Amino acid sequence: MSPGTLWVVAAAVLFALEMVTGEFTLASLAVGCALAAGAASLGLSLGVQVGTAATASLVATAVLAPWLRRKLAPPCTPDPIQSLVGEEAEVVAVAASGTTGTVRLNGVTWQATADSPLTPGMRVLVMEVNGARLRVLPAEASGAEVATREPTSRGEAFPPMAQPDQGTQGPSTPP
């Protein structure tokens with residue numbers, strides 16, 4: 001078998017294996033083998049063929065594989081807890097302050113705080129999830145946009161919420 005045929009067979013095997021792995025490294029190596037087959041068909045020496053295969057594989061691994069991963073990767077699955085933002089819940093009980101209490105969301109009871117008074121049976125929108133506590137807004141005020149701020153420098157989606165026992169209401173200011 002000629003060297004050109006061997007390069008073509010190697011490229012075909014690598015492309016076939018790529019179909020199993022799906023991470024584009026083997027496809028990059030197959031590109032190098034295919035280009036080496038082209039060099040062999042031009043009658044270039046074995047050293048030039050190997051050099052072509054190595055160089056093309058390195059370039060394809062450094063450039064082609066990352067580009068293909070970005071373009072063909074499935075979209076990220078959102079964090080299930082953060083996906084609660086924007087959902088509607090019902091106030092179950094209210095604490096003495098009137099702005100803290102518990103809400104039921106999808107059958108689960110959560111602690112909640114609000115910037116305005118809460119009453120049992122009131123429909124509220126989840127504005128923020130901070131651990132096991134929700135910050136909510138009355139559903140009638142749904143004209144207000146659900147918080148969609150960029151992450152802070154610490155990587156948080158929202159700054160920490162003030163706790164009711166700290167004597168403040170609503171979210172604290174970011175550091």
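Note: hydrogens, waters and symmetry copies are ignored here, and every other heavy atom, side chains too, is used. Keep in mind that what you see is a predicted model, and the values were worked out from it rather than measured.
Remark: Ser28 OG to Leu68 CG distance equals 7.5 Å, nearest 0.5 Å. The distance from the CG atom of Asp115 to the OG1 atom of Thr99 is 8.0 Å, given to the nearest 0.5 Å. For the atom pair CD of Gln49 and OG of Ser41, the computed distance is 9.0 Å after rounding to the nearest 0.5 Å.
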Exercise for the section: Mind running side-chain contact (heavy atoms from CB on, under 4.5 Å) on Leu72 and Trp67 for me, showing each step along the way? Expected result: CA-CA 9 Å; Leu72 300 176; Trp67 179 79; over 6 Å; no
Practice task
Please report the C-alpha distance between Asn130 and Gln111 in whole Å, then the side-chain angles of each, then the deciding distance to 0.1 Å, and finally whether the side-chain contact (heavy atoms from CB on, under 4.5 Å) criterion is met.
Solution key: CA-CA 10 Å; Asn130 189 6; Gln111 293 180 6; over 6 Å; no
Exercise for the section: Begin with the C-alpha distance, continue with both residues' side-chain angles, and end with the deciding distance and a verdict on side-chain contact (heavy atoms from CB on, under 4.5 Å) for Leu118 and Val136. Expected result: CA-CA 9 Å; Leu118 298 172; Val136 297; 4.1 Å; yes
Practice task
Take Val85 and Val129 through the test side-chain contact (heavy atoms from CB on, under 4.5 Å) and record every step on the way to the result.
Solution key: CA-CA 7 Å; Val85 173; Val129 180; 4.2 Å; yes
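With contacts defined as side-chain heavy-atom distances shorter than 4.5 Å, the pair Val92/Pro120 does not qualify. Proximity of Trp110 to Val108: side-chain heavy atoms (C-beta onward) are separated by under 4.5 Å at one or more points. Under the 4.5 Å side-chain criterion, counting only non-hydrogen atoms from C-beta, Val126 is not in contact with Arg135. Residues Glu128 and Leu134 form no side-chain contact, since every pair of their non-hydrogen atoms from C-beta on lies 4.5 Å or further apart. In this structure, Leu105 and Leu84 have side chains that are in contact, with non-hydrogen atoms separated by less than 4.5 Å. Using a 4.5 Å heavy-atom cutoff, the side chains of Val31 and Ser57 are not in contact.
In the hydrophobic cluster analysis, where Ile, Leu, Val, Met, Phe, Trp and Tyr join through side-chain heavy atoms closer than 4.5 angstrom, Leu26 is grouped together with Val13. Leu29 and Val20 end up in different hydrophobic clusters when Ile, Leu, Val, Met, Phe, Trp and Tyr side chains are linked at under 4.5 Å.
Taking the charged nitrogens against the carboxylate oxygens, Glu90 and Arg123 do have a contact shorter than 4.0 Å, which makes a salt bridge.
For the residue pair Thr100 and Ser97, a side-chain donor N or O sits within less than 3.5 Å of a side-chain acceptor on the partner. Side-chain polar atoms of Thr21 and Glu23 form no donor-acceptor pair below 3.5 angstrom.
Side-chain atoms of Thr52 come within 3.5 Å of backbone N or O of Val48 as a donor-acceptor pair. Panel note: side chain Glu18, backbone Phe24; a donor-acceptor pair is recorded below 3.5 Å.
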